[in-house]
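In what follows, chains carry the letters A, B, and so on, assigned in the order in which the sequence lines appear, proteins first and then strands, with residues in each chain numbered from 1. Being a predicted model, the structure only gives us computed values, none of them experimental. For the numbers below, each heavy atom of this structure counts, side chains included, while hydrogens, waters and symmetry mates do not.
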Protein chains: 2
Amino acid sequence: MTFSEENYLKTIYHLTWVSDADISTNAIAEKMETKASSVTDMLKKLSEKDLVNYVKYQGVSLTDKGKLAAKMIVRKHRLWECFLVEKLDFSWDEVHDIAEQLEHIKSEELINKLDDFLGNPTEDPHGDPIPDANGRIIKVEKQLLSEFEKNQIGICVGVKDTSSDFLKYLDKQEIALGSQIEIMEKESFDSSFRIRVGTKEITISNKIASNLYIK
Amino acid sequence: MTFSEENYLKTIYHLTWVSDADISTNAIAEKMETKASSVTDMLKKLSEKDLVNYVKYQGVSLTDKGKLAAKMIVRKHRLWECFLVEKLDFSWDEVHDIAEQLEHIKSEELINKLDDFLGNPTEDPHGDPIPDANGRIIKVEKQLLSEFEKNQIGICVGVKDTSSDFLKYLDKQEIALGSQIEIMEKESFDSSFRIRVGTKEITISNKIASNLYIK
DNA sequence: TATAATTTTTAGGTTTGTCTAAAATTTAAT
DNA sequence: ATTAAATTTTAGACAAACCTAAAAATTATA
């Protein structure tokens, strides 16, 4: 499997994770910053290899084989992110691009040994679940902070947006995985929130609240 | 820089390490298991980028720029080998192919953090020197065991051949980096050696002795 | 020093993954 | 239910990195 094929599978997997329906050519093209015609070419190739179910003009979905392959790539990506943050002292906003490269290293033994070395983590530094060697994922039920009501209290367990900008913003506000968050006030005008993080009280926009997972 | 370009630079670097003269197209082709015509294509490209000095029909050498680039690839390869052996518990005969992939990961910060994480090692698991972040290499004078005379004693500090077969043979004979080796007898007929490794006495062929570095 | 053998390069072709532009299909709107 | 708009696919091209076969240059040999 080539890097490119792996990237397409991963993208389709991520798009499926949020939408569930069949994925459109354009959606893939946009996510991968490429052209629709390139996507079509690749879908034919992946279909030929039984990694996706593809019907012309009708969108695409992963086969069981394709889904497992995608999960293995995601597994690698997230384990490497753990390694970078926990062992090499990178911060959570710096690891994505490097993990994007490391996820393509081909060696099952390597990834399983890395898994053990890290103590078999179940979540990456952004709170996303890490598939095990068989592709099994432990899903933790979590809600977006934006869905919380006044006076509710929860623990920050993940971020939806993993962009460097968003993560740096959270660092500045001293919001990290494990932080206790209490809704003090919900502003109906702009749907912003007044929240307490630990001992500090801050105001965050709805956009921020829509990208924080709480349990 | 592409994977392929990096592999050519690395190969030219390794060939230069042993021969010192300009490197021939065929030598590169043989080492990389590719065709001479492919090598010619790439040499033109590398020359265009000022990474090699290339004159048609006259062989090739690395420019300063090319040499530094090659050293950085070797640095990555050897640091990753240390990681695999010391942290992930791979044996020294299993790491080459994986390091061959990892050496192409692009991130200076990553490799420098990995270096620190490993305690800034100066040699890889086969006793080969690791260039520092500036490309500087600490050369340790070492001789081939085959050049030793009767009754001389030394410590095994490296292997010339790093093939899995050779390394497994050494494991079987309980010869490792750090092992004390004493020449008991040198057989003039076939240039084989009777040596003492720790407390054991064994016989090794000249081919084996020609691939063990001793200090 | 001619000629033979070897090495190296050139010429032209293939595959992978991309692109643009045009054609086909589907979806939305009047 | 047509027509318009958007999406998707096809057709044809291109760059990277490889290949084979033939030509050119170098080296070895008689």
ask   = Considering residues at least two apart in sequence or located in another chain, which fulfil the salt bridge (Lys or Arg N to Asp or Glu O under 4.0 Å) criterion with A/Glu103?
value = A/Lys10
ask   = If you find the nucleotide of DNA chain C closest to A/Ala36 and the one closest to B/Asp41, which residue's nucleotide is nearer the 5' end?
value = B/Asp41
Qualifying residues under side-chain hydrogen bond (donor to acceptor under 3.5 Å, both in side chains), relative to B/Asn206, sequence neighbours excluded = B/Ser210
Quiz: residues 46-58 of chain A side-chain donor-acceptor pairs under 3.5 angstrom, not counting sequence neighbours:
| from | atom 1 | to | atom 2 | distance (Å) |
| --- | --- | --- | --- | --- |
| A/Lys49 | NZ | A/Glu5 | OE1 | 3.2 |
| A/Lys49 | NZ | A/Glu5 | OE2 | 2.9 |
| A/Asn53 | OD1 | A/Ser61 | OG | 3.3 |

query = Taking atom P of C/dT18 as reference, at what distance in whole Å does atom CD of A/Glu33 sit?
reply = 13 Å
key: Gap between atoms NZ and P, on A/Lys44 and C/dT18 respectively (whole Å)   = 14 Å
inquiry  = For DNA chain C, which residues of residues 17-31 of chain B approach it to below 4.0 angstrom with any heavy atom?
reply    = B/Ser24, B/Thr25, B/Asn26
message = List the residues meeting salt bridge (Lys or Arg N to Asp or Glu O under 4.0 Å) with B/Lys215, not counting sequence neighbours, and say none if there are none.
response = none
task = Give me the ring orientation class for A/Phe83 and B/Phe83: parallel if the planes are under 30° apart, tilted from 30 to 60°, perpendicular past 60°.
result = tilted
ask   = Between B/Leu43 (CG) and C/dT10 (P), how many Å, whole number?
value = 11 Å
inquiry  = Tell me the interatomic distance from B/Met32, atom CE, to D/dC18, atom C1', rounded to whole angstroms.
reply    = 11 Å
request  = Please state how far atom NZ in B/Lys35 lies from atom P in C/dT7, giving the value in whole angstrom units.
outcome  = 14 Å
task = Starting from C1' on C/dT15, measure out to CZ on A/Phe3 and report it in whole angstrom.
result = 18 Å
With a cut-off of 3.5 Å and sequence neighbours excluded, list every side-chain donor-acceptor pair involving residues 23-39 of chain A.
| from | atom 1 | to | atom 2 | distance (Å) |
| --- | --- | --- | --- | --- |
| A/Ser24 | OG | A/Ala27 | N | 3.1 |

inquiry  = Any residue in residues 4-14 of chain A with a heavy atom nearer than 4.0 angstrom to DNA chain C? Just list them by number, or reply none.
reply    = A/Ser4, A/Tyr8
key: Touch class at under 4.0 angstrom, heavy-atom based, for B/Tyr54 against every strand present   = sugar-phosphate
ask   = How long is the line joining CG of B/Leu46 and C1' of C/dT9, in whole Å?
value = 16 Å
request  = Check salt bridge (Lys or Arg N to Asp or Glu O under 4.0 Å) between A/Lys76 and all other residues, then give those that pass, not counting sequence neighbours.
outcome  = none
key: Presence of B/Thr40 side-chain N/O under 4.0 Å of C/dT9 phosphate oxygens OP1/OP2   = yes
Short N/O separations, protein against nucleotides 21-25 of chain D, under 3.5 angstrom:
| from | atom 1 | to | atom 2 | distance (Å) |
| --- | --- | --- | --- | --- |
| D/dA25 | O4' | B/Tyr57 | OH | 3.4 |

task = Can you sort out the partners of B/Asp190 under side-chain contact (heavy atoms from CB on, under 4.5 Å), two or more places apart, ordered by chain and number?
result = B/Glu187, B/Ser192
task = Sequence neighbours left out, what passes side-chain contact (heavy atoms from CB on, under 4.5 Å) with A/Ser164? Give chain and number order.
result = A/Asp93, A/Lys168
message = Testing the 3.5 Å rule here: is there a donor-acceptor pair between the side chains of B/Arg75 and B/Asn134?
response = no
remark   = Residue pairs passing the salt bridge (charged side-chain N to carboxylate O under 4.0 Å, His left out) test with at least one member in residues 57-73 of chain A, sequence neighbours excluded, are none
